[in-house]
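Structure first, then comments.
Below, each value reflects all heavy atoms present in this structure, side chains not excepted, and no hydrogens, waters or symmetry copies. Note on naming: letters A, B, ... go to the chains in the order of the sequence lines (proteins, then strands), and numbering restarts at 1 for each one.
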Amino acid sequence: MPTNIDNRRIVRIEQTIVETPTVKTLVFKDSLSHTAKPGQFLMIWIPRIEEIPMSVMINSKDGYAAVTIRKSGVGSTALFERKTGDLVGLRGPYGNSYTLKKSYKKILIAGGGTGLVPLLRLASYAQKLKIQSTVIIGARTKGEVFFENIARKIIQDNDSSLKICTDDGSYGIRGTTVELMSKVLHENTFDCVFTCGPELMMRKVVDLSNENSIPVEASLERYMKCGIGICGSCCLDASLVCQDGTVFSGRQLSKMLDFGNSYRDKDGQRINYS
Amino acid sequence: MPTNIDNRRIVRIEQTIVETPTVKTLVFKDSLSHTAKPGQFLMIWIPRIEEIPMSVMINSKDGYAAVTIRKSGVGSTALFERKTGDLVGLRGPYGNSYTLKKSYKKILIAGGGTGLVPLLRLASYAQKLKIQSTVIIGARTKGEVFFENIARKIIQDNDSSLKICTDDGSYGIRGTTVELMSKVLHENTFDCVFTCGPELMMRKVVDLSNENSIPVEASLERYMKCGIGICGSCCLDASLVCQDGTVFSGRQLSKMLDFGNSYRDKDGQRINYS
Amino acid sequence: MDINDKNYNLSVEIDKIHLRNPTMLASGILGISQSIFERLYKENVGAVVTKSISVNPMKGYPNPTVISIGGGSYLNAVGLSNPGVDAFSKELSKNKKIPIMISLVGSSEKEFSRMVKVFDSLSILGYEINLSCPHVSKMGMEVGDDPEAVNKIVKTVRMNTTKPISVKVGVGSIDVVELARVAIDAGANIITAINTLRAMTIDIETMMPILSNRVGGLSGTAIKPIGVRCVYEISKNIKAPVIGCGGVSSWQDIIEYMMAGASAVQIGSVLGSNGPKIFNRITKDLKNYVEKKGMKNISEIVGIAHKY
Amino acid sequence: MDINDKNYNLSVEIDKIHLRNPTMLASGILGISQSIFERLYKENVGAVVTKSISVNPMKGYPNPTVISIGGGSYLNAVGLSNPGVDAFSKELSKNKKIPIMISLVGSSEKEFSRMVKVFDSLSILGYEINLSCPHVSKMGMEVGDDPEAVNKIVKTVRMNTTKPISVKVGVGSIDVVELARVAIDAGANIITAINTLRAMTIDIETMMPILSNRVGGLSGTAIKPIGVRCVYEISKNIKAPVIGCGGVSSWQDIIEYMMAGASAVQIGSVLGSNGPKIFNRITKDLKNYVEKKGMKNISEIVGIAHKY
Ligand SMILES: Cc1cc2nc3c(=O)[nH]c(=O)nc-3n(C[C@H](O)[C@H](O)[C@H](O)COP(=O)(O)OP(=O)(O)OC[C@H]3O[C@@H](n4cnc5c(N)ncnc54)[C@H](O)[C@@H]3O)c2cc1C
Ligand SMILES: Cc1cc2nc3c(=O)[nH]c(=O)nc-3n(C[C@H](O)[C@H](O)[C@H](O)COP(=O)(O)OP(=O)(O)OC[C@H]3O[C@@H](n4cnc5c(N)ncnc54)[C@H](O)[C@@H]3O)c2cc1C
Ligand SMILES: Cc1cc2nc3c(=O)[nH]c(=O)nc-3n(C[C@H](O)[C@H](O)[C@H](O)COP(=O)(O)O)c2cc1C
Ligand SMILES: Cc1cc2nc3c(=O)[nH]c(=O)nc-3n(C[C@H](O)[C@H](O)[C@H](O)COP(=O)(O)O)c2cc1C
Ligand code: FES
Ligand code: FES
């Protein structure tokens, strides 16, 4: 059994779960990934095609782990299309993680899409620590809502703490994650807010938390090559998302010029979020 | 503190002891060498001059060790001439060691010159295990006898068990180590014989022990470059003295064609003992 | 320089360049962001070298482009991905105090002269010409293996700047000392040695080369004795300061390179396992060493092994 | 060969040479004693290569000549010490069943023809010409870096024997593929790749190079990705069997070299930490692998990585 996370493991896909027409979960056996902390990611190698970073999805079966992919470009589409029995490589888990303090009583978890992957892992850790979670799942439309059942299972103790919203109102509450969060903050007090999802959404979640003086942590994405602090492609201001992140605190983020404003392309050019 | 014996340690010579006009003991600090087993050797680096194998001499001071050099060619002469405060490098200890079985009651130790170095370490181990040792020190002439006091101190419990002989009778009993050993074997029984010294002497000690059906072990020397089983220069029949030795049993040695007959020069040519 | 500067006894001179200490960030490591350079400077780096910059932006190869092979060694074939001269000169435009060398890569004299013209007005120390990237065709080593091309490119850069020029050489198919000689004769001031060595690794489970480019460059611990040898041979045969590079992971490695003849030493792959703070730790360790040995300045040991 | 032979599915063909398994002892490792060769054969080695032999006996350099630098890597500058052609042909004179390749080193055609004339009547598999020892002047790599000399020497050996000839290449200052091409064009049958790489290490306490020759050759773990790359590139470009060498310490490394294109694989430095029994262990592991994968013969994987 490899103990060095940098060792490349070749794993067989044991199960595939269709979440939406463009989102799929792949289950495989890897003990290091099984014990990943919430916010950590793997570098998944699709042989001769690409290697891409993926958050570690929860899998309760001992020694197993999973990733949830949204089909987009060459690499993610190739991974999306892998079938049960296919081989992929992986290394990691890398990066830091969300911090759950034992003193926390109640936390707010807000995200959407594949951003839910680290957040669900966080929610299950919180449950083990008997911290109460309110989870907001946001999506554009009904067909893009997934992980509802998994989320419900994790926070089973309190049904009302799972809240779903869609931009078009086709499912759950109508409105954005941030609008819903704003409402929830009026009615409850939280020890900390945790978020992952589209960066502009996270920027608003962080600002809102800062305004309400609630500690907040966000897990960020940047273009990654090495995943281990060598290549510099994942830089976010003076931080490396792969090594110093992926999780940053509201305090750190509020000082960053890049956060919510710009990212770097594959060639390292700075691109502004439209 | 280095734990890998291959790591080169640079040590300062803390003390030099003149044993005879051509034999000197150098004391230095090195914890790995301090705990060497009897029969093991170091590769001593005399910077920019040579690197030569040297048995580990006993030194009772914790963390300290020593080597005893007979001045001969370039390397040993340079080492002989090192003064207190000079630096030498070392790696090791390498090789196997004499085997002292707990069941042994009485052993015979026979050797001469710097061959006494591993034998004295052996005698001190035997003493700790409460095994009684008879030690024969052989030399050509009085001026070449050394380590008498050290040997006497180790086997202090029984004065009569230290026997010294010289070829010319100028000190101790007149005669060779083998002649003396032959006599001693008539008067005593031993569980095992241990020897180190000139190879032709060792050949006779081994033959005599085999004839008397007494287990025997000899520590051999061959030309060494690597000391770690790579270069092959120390080969003795199909064995490597550095890795499989330096200590071989009478059983192993009696099957060897090289033992007592031939060795290999620096270029690997086989040379017969004259 | 102020004698009270806490780095005083670590300061080194490399041609016209003065550094507060001999540590440098190697090219291609975290090398595209001014903010990161500032962070490294706070961590006490002596100077930084940027990612090798080309005239046009380059996406580089698909991933995997960087892989750890264990024991502190790495393979990479990033394919010289970089934002290109225009975006990058913007990146550095506000630089004031960070000692930066810009690494340049290209395949023609025209490209190099274009880049130097853009960069030369920035606040930078000088240039490092990358003639030794072993995994991009028509750039790097394919240029470095051709003495005539080296001569022309170095002359072109020389004509366009008065700043110091270092040429980065590697183990290719021309002797490293010969290559250094050609570079210095053409007007370079400094030699940086070495770059990565052409290497590859195959995953035996899938039977496939792991790097998307199949072949890449070996860096880290594995190459240190080769780098030390190259620095030793170049500094023995060529009258020019040498910057060492390859497999450095501790202050002892820096001392070894300096004894072999390096005036300063670059650090690359080890950032992976140690992060930017390694510069702070190593410079502290170097300071301890210099003090313990009672040296006035660390450069006393440069090339000292040649005495033996 | 008998289908019941327990090594059947490991057997490989390299030109006209048939080996019971693809493991070989690398030249210069334990390579001067017939008794040791017999011991290795009992440990299941496929074939052994002798220490490189020259016309006259050579004492080599003073020690230190072999040093461990940690992590399974070594530096050596033994200086090609060997007993010379006459003593060594006596050493091998009684050989019957051990598959031996004799490694030859020299600086002129005359020397090579003299040696082959003496050795050719022995019971041996063939020759490996060492054109890649990086630390002895006028021999090894200094010859290997000169294509004209390579051509002449290989032709001379070819004229004096009908046995298979392998030419051992290394990373010098001529491209490894070019060198292999010259050797095969001149009549060699096989390429062995690679030898050690020129390297050095300095003890920072004494400030002195450790090897008596100062510069030596790097072997072991550090060079494996370079060896794999060379085998891959040679086997991709040259139509001749390749024997891989460099940094092998496990059956996985052998498989990786074979996937890169090696028909057989030599093992050297790792003998230091594992002893001769490593051949037994590795061949067992290879047999397990072949059986688990359901292959008829291990050579099915030779060069398979070129498909991707
Ligand atoms: C820490 C981290 C965790 C992630 N977790 C998930 C997850 O759980 N599920 C999921 O579906 N996606 C996740 N992503 C995003 C995912 O890595 C990219 O969507 C994927 O790499 C796209 O690759 P591609 O070849 O399909 O895209 P391409 O067609 O090559 O490029 C499209 C866009 O995808 C992004 N991208 C491409 N390659 C990378 C890369 N190496 N690193 C980062 N972004 C890249 C870039 O924004 C790029 O512009 C994560 C990203 C990071 C950094
Ligand atoms: C395991 C072992 C333990 C030893 N222990 C001691 C000891 O405790 N005290 C002691 O005085 N001597 C010891 N020796 C012998 C010592 O190593 C040699 O006397 C010494 O190396 C001579 O070196 P030189 O440069 O002076 O000789 P040179 O002038 O180079 O050669 C003279 C002779 O010394 C021997 N010799 C030279 N170099 C080596 C070498 N690298 N390995 C082995 N033999 C060599 C050879 O027989 C050679 O013919 C030991 C040797 C071995 C193998
Ligand atoms: C991921 C990566 C990217 C690199 N990119 C460049 C580059 O753009 N230009 C260059 O001259 N060297 C580049 N190098 C080589 C390094 O600058 C350095 O020469 C080499 O890695 C050896 O140093 P190290 O062992 O400390 O890493 C790169 C190395 C790595 C690992
Ligand atoms: C001590 C030593 C001596 C060597 N002598 C020779 C030699 O005489 N001829 C030769 O062709 N290669 C020689 N080599 C090189 C090896 O044959 C081999 O090519 C190299 O060590 C790489 O393999 P490894 O990493 O498995 O050791 C020697 C290597 C070592 C370590
Ligand atoms: S991905 Fe390379 S430094 Fe973060
Ligand atoms: S001294 Fe090298 S094998 Fe024994």
Between C:D203 and chain A, with a heavy-atom cut-off of 4.5 Å, which part of the residue counts as in contact: side chain, backbone, both or neither? side chain

Gap separating the CD1 atom of C:I204 from the CD1 atom of A:I10, nearest 0.5 angstrom: 9.5 Å

A:M224 versus chain C, the contacting section by heavy-atom distance below 4.5 Å: backbone

So which residue, C:E91, C:E205, C:K90, ends up with the most heavy-atom pairs under 4.5 Å with chain A? C:E91

Most heavy-atom pairs under 4.5 Å with chain A, out of C:T65, C:N274, C:I36, belong to C:I36

Non-hydrogen side-chain atoms of C:S68 and A:R91 separated by less than 4.5 Å: no

Do the side chains of A:R264 and C:P83 get nearer than 4.5 Å, heavy atoms only? no

What residue, out of A:C231, A:C226, A:C242, has the most heavy-atom pairs lying under 4.5 Å from chain C? A:C231

Applying a strict 4.5 Å limit to non-hydrogen atoms, the region of A:I228 in contact with chain C is both

Looking only at non-hydrogen atoms, find the nearest pair between A:G268 and C:I32 and report the distance. CA-CD1, 3.8 Å

Counting heavy-atom pairs under 4.5 Å to chain C, which of A:I230, A:D237, A:D258 comes out on top? A:I230

Highest number of heavy-atom pairs under 4.5 Å with chain A among C:N82, C:V270, C:V66 belongs to C:N82

Considering only heavy atoms from C-beta outward, does the side chain of C:N63 approach that of A:E50 to under 4.5 Å? yes

Take atom NZ in A:K24; do more than 12 heavy atoms of anything else shown fall under 6.0 Å from it? yes

Less than 4.5 Å to any heavy atom of chain C: does that hold for the side chain of A:Y223, its backbone, both, or neither? side chain

Per-residue contact mode, A:D244 against chain C (heavy atom under 4.5 angstrom): side chain

Whatever's closer than 4.5 Å to a heavy atom in chain A on C:S33 counts as both

Can you tell me how far CG of C:L30 sits from SG of A:C234, rounded to the nearest 0.5 angstrom? 8.0 Å

Under 4.5 Å, counting heavy-atom pairs only, tell me which of C:G31, C:S81, C:P64 racks up the most with chain A. C:P64

Ranked by heavy-atom pairs below 4.5 Å to chain A, first place among C:F88, C:Y61, C:Y74 goes to C:Y74

Quick one: of C:L211, C:L40, C:I67, C:I29, who has the most non-hydrogen atom pairs under 4.5 Å with chain A? C:I29

Mind checking whether A:Q269 and C:K59 have side chains closer than 4.5 Å, heavy atoms only? no

Taken to the nearest 0.5 Å, the spacing of C:R39 CZ from A:S239 OG works out to 5.5 Å

If you round to the nearest 0.5 Å, how far is SG of A:C235 from CZ of C:F37? 9.0 Å

Is it the side chain or the backbone of A:L240 that comes within 4.5 Å of chain C heavy atoms, both, or neither? both

